[in-house]
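Below you'll find the structure, written out as structure tokens, and then a few comments.
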Amino acid sequence: MTINFSELNNIQLDVLREIGNIGAGNAVSALAKMINRKIDMAVPKVKILEFKKISDMLNAPEDPVIGILLGMTGDITGNILFMLDKKSARLLVNMLFGFKESTSEDFDEIEMSAIKELGNIMTGSYVGALSMLTNLKILCSVPDVAIDMAGAILSVPAIEFGKLGESVLYIESEFNEGDNKVIGDFFLIPDIGSYETLLKTLGVII
């Protein structure tokens, strides 16, 4: 069975958006616990996109970003990607290490390890929320982290496009700590068949 997302009604799409909202909320809670500070979160923007249109959606696909990519195995297979611009990554590192002034867009080995761990925890919290809501067993691989142009980062899962579905659940999360605003993008990219498993579990399709 092939799912055509253009045929899903508003209620069905709302179910998918709610997964994104809860997952993003859990991810931000994990971040607040990690840095031991209060984090406010704006209502996430949740969209379902065709994979090939993601690059068009990005404001500046040639700008350097940091991507943390994890593979998913278990009842749902595919990839989950957390991507944020270097300014947001610097803010997160400053929050984590208590730096006051650093605005450098270069990261040393320890800072890159910290970014990788932050991405690992946040994506893990998101997948944990998804697993709890669906009772599906979902395991994540050890994350890979890279700095490159947004288009290049997105090409990593695209290289395996033959094993992926055509649709992506995209969640833009904005969170604030004081005057600091961080924007991160989650991309849930299930393999063909996993979207159907997900929607059946949620009762969206029979």
Side-chain angles (χ1 to χ4, degrees), residues 20 23-24 27-28 30-31 34-35 44-73 76-97 99 102-127 139-175 177 180-192 194:
V28 171
L31 174 64
M34 188 173 183
I35 65 175
K45 298 175 184 175
V46 182
K47 299 178 182 177
I48 297 169
L49 303 169
E50 289 184 59
F51 191 90
K52 61 185 179 183
K53 292 184 176 179
I54 293 178
S55 293
D56 297 336
M57 176 206 69
L58 299 172
N59 292 327
E62 295 184 354
D63 282 357
V65 299
I66 295 179
I68 299 108
L69 180 69
L70 299 89
M72 295 185 297
T73 58
I76 291 178
T77 57
N79 291 284
I80 182 166
L81 173 67
F82 179 53
M83 197 165 68
L84 67 168
D85 61 36
K86 296 177 80 172
K87 181 180 178 182
S88 291
R90 170 50 60 191
L91 287 171
L92 286 176
V93 168
N94 288 354
M95 290 181 202
L96 187 61
F97 288 102
F99 298 154
S102 179
T103 57
S104 172
E105 292 191 353
D106 294 323
F107 301 93
D108 62 26
E109 187 176 342
I110 293 175
E111 290 172 338
M112 284 298 290
S113 293
I115 292 170
K116 182 178 179 178
E117 185 58 20
L118 280 168
N120 186 32
I121 290 172
M122 294 182 73
T123 51
S125 297
Y126 176 83
V127 171
L139 303 174
C140 290
S141 68
V142 175
D144 289 316
V145 62
I147 299 177
D148 209 329
M149 293 185 297
I153 293 287
L154 284 166
S155 72
V156 176
I159 290 172
E160 298 191 10
F161 188 73
K163 293 189 284 184
L164 299 172
E166 294 182 350
S167 299
V168 176
L169 184 61
Y170 162 71
I171 306 122
E172 181 188 274
S173 300
E174 176 185 318
F175 42 97
E177 189 276 322
N180 296 320
K181 180 171 74 174
V182 175
I183 296 177
D185 296 321
F186 287 93
F187 299 91
L188 181 69
I189 314 167
D191 292 345
I192 294 172
S194 287

Nearest-0.5 Å distance that lies between atom [atom1] in [X] and atom [atom2] in [Y]:
X: Ile76; Y: Leu188; atom1: CD1; atom2: CG; result: 7.0 Å
X: Asn180; Y: Lys87; atom1: CG; atom2: NZ; result: 9.0 Å
X: Phe187; Y: Ile171; atom1: CZ; atom2: CD1; result: 9.5 Å
X: Phe175; Y: Ile183; atom1: CZ; atom2: CD1; result: 9.5 Å
X: Lys116; Y: Leu70; atom1: NZ; atom2: CG; result: 9.5 Å
X: Ser141; Y: Asn79; atom1: OG; atom2: CG; result: 7.5 Å

Practice prompt. Compare every heavy atom of Ala146 with every heavy atom of Ile153, then report the nearest pair and how far apart it is.
Written response: CD1-O, 3.7 Å

Worksheet item: Which heavy atom in Ala114 sits nearest to a heavy atom in Phe97, and how many Å separate them?
Response: CB-CE1, 3.7 Å

Heavy atoms, side chains only, cut-off 4.5 Å: are [X] and [Y] in contact?
X: Asp63; Y: Asp85; result: no
X: Glu117; Y: Leu96; result: no
X: Leu92; Y: Ile115; result: no
X: Ile68; Y: Leu84; result: yes

Worksheet item: Counting N and O atoms only, with roles assigned by atom type, does the side chain of Arg90 sit under 3.5 Å from a partner on the main chain of Phe107, one being a donor and the other an acceptor?
Response: no

Worksheet item: By side chain to side chain donor-acceptor pair (under 3.5 Å), which residues pair with Asn120, not counting sequence neighbours?
Response: none

Discussion item. Going by ring-ring contact (aromatic ring centres under 6.0 Å, His included), name the residues that satisfy it together with Tyr126, two or more places apart in sequence or in a different chain.
Written reply: Phe186

